[in-house]
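Nothing here was measured: the structure is a model prediction, and the numbers come from that model. Letters A, B, ... are given to chains in the order of the sequence lines, protein chains preceding strands, and every chain is numbered from 1.
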Amino acid sequence: MSILSLTSEERIVTDSAARPVRTRFAPSPTGSLHIGGLRTALFNWLFARHHGGQFILRIEDTDQNRFDPTALTTLMEALRWAGLQWDEGPEINGPFAPYVQSERLAGYQQQAQWLVDEGKAYKCFCSSERLKQVNEAKTAKGEPSGYDRFCRHLTPVEVAEREAQGQKYVIRFKMPLEGQTVVQDAIRGETVFENNTQQDMVLLKSDGFPTYHLAHVLDDHAMQISHVMRAVEWFPSFPLHWQIWEAFGWEKPIFAHLPVLLNPNGKGKMSKRNPPKDKFGNIIPVMVHDYMRGGYLPEAMDNFLTNIGWNFGDEREFFSMAEAIERFDLTRINPANSAFPVEKLEWLNGEHIRALPMDELATRLRDVFETAGLTVRDEVLRQVAPLLQIRLKRLTDAVAIAGFFFRDEFTPPPPEHLIQKKMDAAQTQQALERSIAALAALTDFSHASQQAVLEPLTTELSLSNGQLFGVLRVAVTGQQVSTPLFETMEVLGQAESVARLELAQESLRDSIEKSVTNS
RNA sequence: GGCCCCAUCGUCUAGCGGCCUAGGAUGUCACCCUUUCAAGGUGAAGACACGGGUUCGAACCCCGUUGGGGCUACCA
């Protein structure tokens, strides 16, 4: 029965009832994890968790030319950061180990040979030079490029001769020459490919390593993968894969090709080669590690990625992964590619920061401050975290807003920053003087008592709250943008606060004298 | 070029033939609150790509056009 003839509800039942749900994420370790890769992994993980199945991590390292020994570690680090724990795979192992393809070579070679023996694949001795020539000739004639299947027609004797001479060969799949391959995709339904537009793709390279095409089919079968959810980039080779499954005669998994993440401007897919830029011209990171370092919460990242191409079901956009697991399914996946909505990530990250329990936020902020080279005192951190919670879009913003709490030496603000809107130097000077007197006299330096003496001062000096408190806040923090005044002084303490105010007074006096001298 | 996929506000999306005068979110703008910055509150502008069908009725189904995207390796 065709998937298309089922209603979506029947399809869900089929999905889950057919066999135990086992999904996999199968990256090739060529560097840090791409943000699109994380999303693919996330969808696979969510689906497996929803159905109480297994999520497998498999490493597709069959390209020796792109081997990067540090990549695997980096990759696992990114997945773990995002909370995507795998049930089977590197470091965990499991019943189908090894989960690294370079350690499964013998199997691929055997199966490739089996296909050759069965007449479903053939050895190809063509050199890369000849392949190139064939391609050039075809393009020159305006034909689609591709291999001309020369070796498909070699006689057994000819093959034997070349092998005897020790000629290198690859194994190519014998794609049917006529007819159609009708593939089923859980998201797109049925697609018909004409076989005469297809290629005899390489299954086993001349170095004895399999290509993706061969390796993934073998492994998905061996590892009993029930659902293959991968990026749409694979869709064009889907008919090939379909035919390989048919050639082996195995039961196929259900396939779901996930839409690709496009640049925020919608032009082309997200790539590190051509890094996208936001409206200010800043580069938008493509690698998960940049987000890890950039002050983003994994909770926010997961939430954000889950919202692209999939929908929670009601109008909520802010949710936890536990909630997403309850609802995740294939039917609500949107087949259309989508631009990467960066501004939404900023917003969601802020929302998740605000949702964090205070001591959890403090813990994460400690990390951020320490990474910035600051020495964090617990007592201060505990008091500063609540001041930051509503002000952060990214954790790393904390350094600019509140880093001064953890710096030993204080850099006073330039005098011109002290003077607030519609004020002059003399008024500012007076405001500082009166405030110092009032604050120094306090025996209790709490938020409330500060307010009790400073608020009446505004009327006396004919200043607005914004003006008076602005002068003091800049004086005490050294910054124009900072945590609020009373809370800040409370953390700093009376002695330090007053000292800083006096410092401001001095610098202001100096600058007034200087300008008098100059004129 | 060839093959394939896709198409609702700038962007992410809801919508599965009548609940649509098209809903939400984000972003933008305005106002309120306010001790800077935020957060919060209120409001505004903003979309069914186009053309044909089918139907009593179409954002929704069909065809075409246009536009966008993916692929086009002994990479995955």
Side-chain angles (χ1 to χ4, degrees), chain A residues 8 26-30 60-63 65-66 124 126 128 131 135 139 142-147 168-172 185 187-188 191-194 197-199 201-207 209-213 215-216 230-239 257 259-260 262 264-269 279 304 307-318 332 334-348 350 354 387-393 397 400-401 420 451 454 458 464-474 477 479-487:
Chain A
S8 53
S28 63
T30 54
E60 311 231 333
D61 60 342
T62 56
D63 185 359
N65 300 324
R66 299 206 298 172
C124 168
C126 294
S128 48
L131 259 29
N135 262 332
T139 343
E143 288 171 21
S145 61
Y147 180 53
K168 287 219 159 212
Y169 64 84
V170 300
I171 291 179
R172 285 183 186 272
D185 180 272
I187 298 171
R188 284 150 237 271
T191 303
V192 179
F193 289 87
E194 294 297 330
T197 63
Q198 300 296 311
Q199 295 284 314
M201 295 302 287
V202 172
L203 299 179
L204 198 75
K205 304 182 241 185
S206 57
D207 63 3
F209 277 67
T211 58
Y212 170 84
H213 308 303
H216 93 276
R230 57 184 0 176
V232 250
E233 281 99 318
W234 289 114
F235 205 77
S237 44
F238 193 13
H257 289 88
V260 62
L262 267 24
N265 63 11
K267 301 281 174 211
K269 57 177 181 177
K279 57 189 169 189
F304 168 69
N307 256 332
I308 309 175
W310 184 77
N311 172 267
F312 194 63
D314 54 32
E315 303 205 310
R316 280 178 60 198
E317 304 220 355
F318 178 90
R332 274 207 298 278
N334 183 170
N337 293 164
S338 58
F340 191 75
V342 241
E343 341 74 48
K344 223 159 177 172
L345 171 60
E346 300 292 314
W347 165 73
L348 263 178
R354 270 164 252 134
L387 306 182
L388 288 172
Q389 191 160 37
I390 58 165
R391 282 168 238 273
L392 300 178
K393 268 206 158 77
D397 294 341
I401 301 174
Q420 300 298 295
Q451 193 164 5
L454 289 180
T458 59
S464 68
N465 284 358
Q467 289 175 311
L468 207 222
F469 301 162
V471 172
L472 304 182
R473 193 180 48 76
V474 173
T477 63
Q479 309 178 167
Q480 289 181 292
V481 173
S482 73
T483 47
L485 177 63
F486 300 144
E487 290 87 338

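- Pairing for B:rC71 is with B:rG2, a Watson-Crick or G-U wobble pair whose two hydrogen-bonding atom distances lie under 3.5 Å.
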Treating primed atoms plus P, OP1 and OP2 as sugar-phosphate and everything else as base, which nucleotides of nucleotides 34-45 of chain B get B, S or - for protein heavy atoms under 4.0 Å?
-BBBBSS-----
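- As rounded to whole Å, 18 Å separates atom C1' of B:rG69 from atom CH2 of A:W234.
- No side-chain heavy atom of A:I401 sits under 4.5 Å from any side-chain heavy atom of A:L387.
- B:rA7 and B:rC12 have their P atoms separated by 12 Å, with the value rounded to a whole Å.
- Remark: B:rC16 base-pairs with no nucleotide; criterion is Watson-Crick or G-U wobble with both hydrogen-bond distances under 3.5 Å.
- Taking the side chain as every heavy atom from C-beta outward, A:M201 and A:S237 never approach each other to under 4.5 Å.
- Across the strands present, B:rC31 finds its partner in B:rG41; the criterion is a Watson-Crick or G-U wobble pair with both atom distances under 3.5 angstrom.
- Side-chain contact check for A:T191 versus A:D185: every heavy-atom pair is 4.5 Å or farther apart.
- Between B:rG67 and B:rC48, the distance separating the two C1' atoms is 15 Å to the nearest Å.
- Nucleotides B:rU13 and B:rA59 are separated by 14 Å at their C1' atoms, to the nearest Å.
- Looking only at distances, a side-chain donor or acceptor of A:Q479 sits under 3.5 Å from a matching main-chain atom of A:A400.
- In this structure a side-chain-to-backbone donor-acceptor pair under 3.5 Å is present from A:Q199 to A:Y147.
- When heavy atoms are screened at a 4.0 angstrom cut-off, A:T62 is found touching the sugar-phosphate backbone but no base atom.
- Distance noted for atom C1' between B:rG70 and B:rA44: 39 Å (whole Å).
- Using a 4.0 Å heavy-atom distance criterion, A:R316 is classed as making no nucleic acid contact.
- Using P as the reference atom, B:rA14 and B:rC9 are 12 Å apart when rounded to the nearest Å.
- With values rounded to the nearest 0.5 angstrom, A:F238 atom CZ is found 10.0 Å from A:R188 atom CZ.
- Rounded to the nearest 0.5 angstrom, A:N334 CG and A:I308 CD1 are separated by 11.5 Å.
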Quick one: what's the B/S/- string for nucleotides 4-15 of chain B, heavy-atom cutoff under 4.0 Å, read 5' to 3'?
SSSS--BSBSS-
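- Pairing of B:rC48, defined by two Watson-Crick or G-U wobble distances under 3.5 Å, is not identified with any nucleotide.
- The CG-C1' distance, from A:N135 to B:rG1, rounds to 14 Å in whole Å.
- With rounding to whole Å, A:L203 atom CG is found 12 Å from B:rC75 atom P.
- The ring of A:F340 has its center closer than 6.0 angstrom to the ring center of A:F304.
- Residue A:L204 contributes atom CG, which lies 11 Å from atom P of B:rC75 at whole-angstrom precision.
- Contact annotation for A:P210: backbone-only contact, meaning every heavy-atom pair under 4.0 Å involves sugar-phosphate atoms and none involves a base.
- Distance check on atom P: B:rA39 versus B:rA25 gives 16 Å, rounded to whole Å.
- Residue A:G268 is classed as a sugar-phosphate contact, given heavy-atom separations below 4.0 Å to backbone atoms only.
- In this structure, A:L345 places its CG atom 19 Å from P of B:rA25, rounding to the nearest Å.
- Both A:P27 and A:S145 sit near RNA chain B, but only A:S145 has its closest nucleotide nearer the 5' end.
- Contact annotation for A:V202: backbone-only contact, meaning every heavy-atom pair under 4.0 Å involves sugar-phosphate atoms and none involves a base.
- OP1 and OP2 of B:rA73 both lie 4.0 Å or more from every side-chain N or O belonging to A:K205.
- Within 4.0 Å (heavy atoms only), A:K168 reaches no atom of the nucleic acid at all.
- Between the side chain of A:R391 and the backbone N or O of A:T483, no donor-acceptor pair lies under 3.5 Å.
- Taking a pair to require two hydrogen-bonding distances under 3.5 Å in either a Watson-Crick or a G-U wobble arrangement, B:rA25 pairs with B:rU11.
- Spacing between atom CZ of A:F318 and atom C1' of B:rG24 amounts to 17 Å, rounded to whole angstrom units.
- With hydrogens and angles ignored, the 3.5 Å screen pairs no side-chain donor or acceptor of A:K269 with any backbone N or O of A:N337.
- Only the C1' atoms considered, B:rG51 is 10 Å distant from B:rU66, to the nearest whole Å.
- Considering only heavy atoms from C-beta on, A:T211 stays 4.5 Å or farther from A:V170 through its side chain.
- When the P atom is used for both B:rU11 and B:rC16, the distance is 23 Å, rounded to whole Å.
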